[in-house]
Amino acid sequence: MSSPTSVATDTLVEIRGLSKSYWRGSEEIRVFADIDLDIHRGEFLALMGPSGSGKSTLLNIVAGLDHPTSGSVVVEGQDIARMSSRQLATWRSTHVGFIFQFYNLLPVLTAAQNVELPLLLTHLGKKERREHVLAALDLVGLSDRAEHFPGQLSGGQQQRVGIARAVVSDPTIILGDEPTGDLDATSGSEVLDLLERLSGEFGKTILMVTHDPNAAARAKATMHMDKGVLTR
Amino acid sequence: MTVGGLIRANLFRNKKRTFLTVASVAVAFFLYGVLRSVTTTLDAAAAVGSEARLVTSNASGITFTLPEAHANRLRSVPGVTSVSWSNWFGGYYRDPQDFFAQFAIKAESYLAMYPEIQITAGDREAFLRERTAALVGVGLLEKYGWQVGQTITLKGTIFSGDWEFVIRAAYTPAEAAYGDENMFFHYEYLYERTNGQITPGWFVVALDRPESAADIAATIDAQFKNSTAPTKTETERAFQAGFVTMWGNIGFLVRAIGTAVFFAILLVAANTMMMAVRERIGEIAVLKTVGFTDGAVAGLVIVESLLIALVGGALGLALAWSTFQGRNPMQAFFPGNGVTTGTTLLGFGLALLLGMISGAVPALQSARLSVTSALRRVA
Ligand SMILES: Nc1ncnc2c1ncn2[C@@H]1O[C@H](COP(=O)(O)OP(=O)(O)OP(=O)(O)O)[C@@H](O)[C@H]1O
Ligand SMILES: [Mg+2]
């Protein structure tokens, strides 16, 4: 993992004039329009806002999972808004660690195998992959659960495996869509502890969508999205 | 873990369903293997007779006999080197269900004409010497546990009564397709036991130049056209093929059944893959999120369906193959039957096709799946 950094002025993601609309027939349903946003390296950002305001949509575009209607999303000099889906897939594998609200672990794979998934796309050998997986599981405190299947783990533990999967390939940015949304306060707090550590100790850049003000308070800054307008 | 491990995990996710699908594919390919072997065997049987020998039978059908006097006139046809004849006996040994073919032959000339019947000189003499002697294929010896020198009793069906024969010789066929479950005995024995009521069933005519077979056949039939017993002459191969077509349009039937089974199983396999993919939408979205390309997830689905089809196909073909191993029920009718290399190769080709087609739609679905809408659906 990259060394800790305190340089918060270095821009990692530069979003300019970003718009997203859906069409129902000829009727345009505008989610947001003309959004500008800079995300700095090492920043831990929370994104709040009412349901349906477009938080997930924005997050998915930054994750390279969705295409904007217009505008640019430049990450480390590359405009991902202009990439093909194939290019985006490859880009995601090295740049994005995604944490889902419902953990989304593959039930047929063990915790270790789930964490290993992103590494299958790398050139790492079996032994190296194993080392990375164990390091990631160790980071989230689940070394002893490596061979457990998701069904044998609690929600909080599953989400920690999800975090291990998100960080195992050392991505440029970690994105979470309500990562504590399905957890009780204690488990949610453990997950937030982890995210704080990733940000503080490892200098990871994190963007997290949340409905919970307590969760948002753990981030270094909070943005609000409402009726398609983003305020910082 | 590897990508292979991921495919394995997916296959074993629902063991019962995977097993049932593989089993139904196996059953389909077992059917395919057996049915196609029936057609290849029939085709081989139709091609077994010689092109260098003619068979002259009664123009009214092979159940009608011909006057023995025809033999002399056949011998005088230019191009004919020798003439022999044979009758269908149609008896059985102990069990009427247990079929094998017996022919009453004009022995000396018949054996001279059939290099397919391999027999030692000593055995040949022993067989020719004795009126009630029988010459049997080694397969028959094995099947009934007979020994040379043994007296056996056959029950006649066309020629009623108990018929005793002494096995004096055994033959090995020069080629498997000729069969080793035939029995030959003397025409004279049949003639005497029926008090001279019998005449030759069909004549076998050897030629000096096989390429003129068609002309000679025409000459023969023209000669007997206005006799008391008009003839139908054709090459032995065509004559054999005529027997085989008595099996009717089995080839067509088999192909029709085979095609129907293939499509039925295609639907089963395709349905399995669709279900497998439908319940995995969230997981496919995860794979794409971590960087698997559309092509990669489609590949995973295709490989999975190919594995189901190929494993099922291999099992079914192996089962069909073992059905025809050793002495099997078709041996007496169609010697040398079995699953041919062509059948096996075509089978694997079909399995491959089955895997591709059944996996195509779900593979395309997973390739096209949008991560954002999939996650929305799952959440
Ligand atoms: N495929 C789609 N077609 C049409 N409209 C869509 C589609 N996807 C999202 N939307 C709309 O875009 C808007 C923003 O959705 P989004 O999921 O980003 O909201 P959100 O802020 O994440 O809400 P929540 O807090 O409930 O998760 C919503 O009004 C939604 O209905
Ligand atoms: Mg959302």
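All chains are named by letter (A, B, ...) in the order of the sequence lines, taking the proteins before the strands, and each is independently numbered beginning at 1.
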Does a sphere of radius 6.0 Å around CH2 in B:Trp321 hold more than 12 heavy atoms from other residues, nucleotides or ligands, not counting ones at 6.0 Å or beyond?
no
Within a 6.0 Å radius of atom CZ on B:Arg13, are there more than 12 heavy atoms belonging to other residues, nucleotides or ligands?
yes
Which atoms of A:Gln113 are under 4.5 Å from chain B, going by heavy atoms: the side chain, the backbone, both sets, or neither?
both
Determine the minimum heavy-atom distance between B:Gly291 and A:Ser93, stating which atoms define it.
CA-CB, 3.8 Å
Mind running side chain to side chain contact (heavy atoms under 4.5 Å, CB included) on B:Val286 and A:Asn114 for me, showing each step along the way?
CA-CA 10 Å; B:Val286 169; A:Asn114 266 288; over 6 Å; no
Most heavy-atom pairs under 4.5 Å with chain B, out of A:His95, A:Arg129, A:Arg92, belong to A:Arg92
Does atom CZ (B:Phe263) have a neighbourhood of more than 12 heavy atoms from anything else shown, all under 6.0 Å?
no
As an exercise, state the distance from OG1 of B:Thr289 to CG of A:Leu117, rounded to the nearest 0.5 Å.
11.0 Å
Examine whether an atom of B:Phe12 lies under 4.5 Å from a heavy atom of chain A, and if so say whether it belongs to the side chain, the backbone or both; otherwise answer neither.
neither
Can you list the steps and then say if B:Leu375 with A:Phe102 is a side chain to side chain contact (heavy atoms under 4.5 Å, CB included)?
CA-CA 10 Å; B:Leu375 290 177; A:Phe102 299 104; over 6 Å; no
Minimal non-hydrogen separation, B:Gly282 against A:Asn104, with atom names:
O-ND2, 4.2 Å
Can you tell which part of B:Thr2 gets under 4.5 Å to a heavy atom of chain A, answering side chain, backbone, both or neither?
both
Residue part contacting chain B, namely of A:Arg130, when any heavy atom lies under 4.5 Å
neither
Point-to-point distance, once rounded to the nearest 0.5 Å, from CG of A:Leu109 to CG of B:Asn10
7.5 Å
Donor-acceptor contact present, side-chain A:Glu116 to main-chain B:Met1, <3.5 Å:
yes
So do A:Leu106 and B:Leu6 actually touch side chain to side chain, heavy atoms under 4.5 Å?
yes
Using 0.5 Å steps for rounding, measure from the OG1 atom of B:Thr293 to the CG atom of A:Leu88.
12.0 Å
For the candidates A:Asp182, A:Thr94, A:Leu120, A:Asp177, which exhibits the highest count of non-hydrogen atom pairs separated by less than 4.5 Å from chain B?
A:Leu120
Can you tell which part of A:Leu121 gets under 4.5 Å to a heavy atom of chain B, answering side chain, backbone, both or neither?
side chain
Heavy atoms from other residues, nucleotides or ligands near CZ of A:Arg82 exceed 12 (cutoff 6.0 Å)
no
Nearest 0.5 Å, what's the OG-CG distance between B:Ser370 and A:Asp66?
6.5 Å
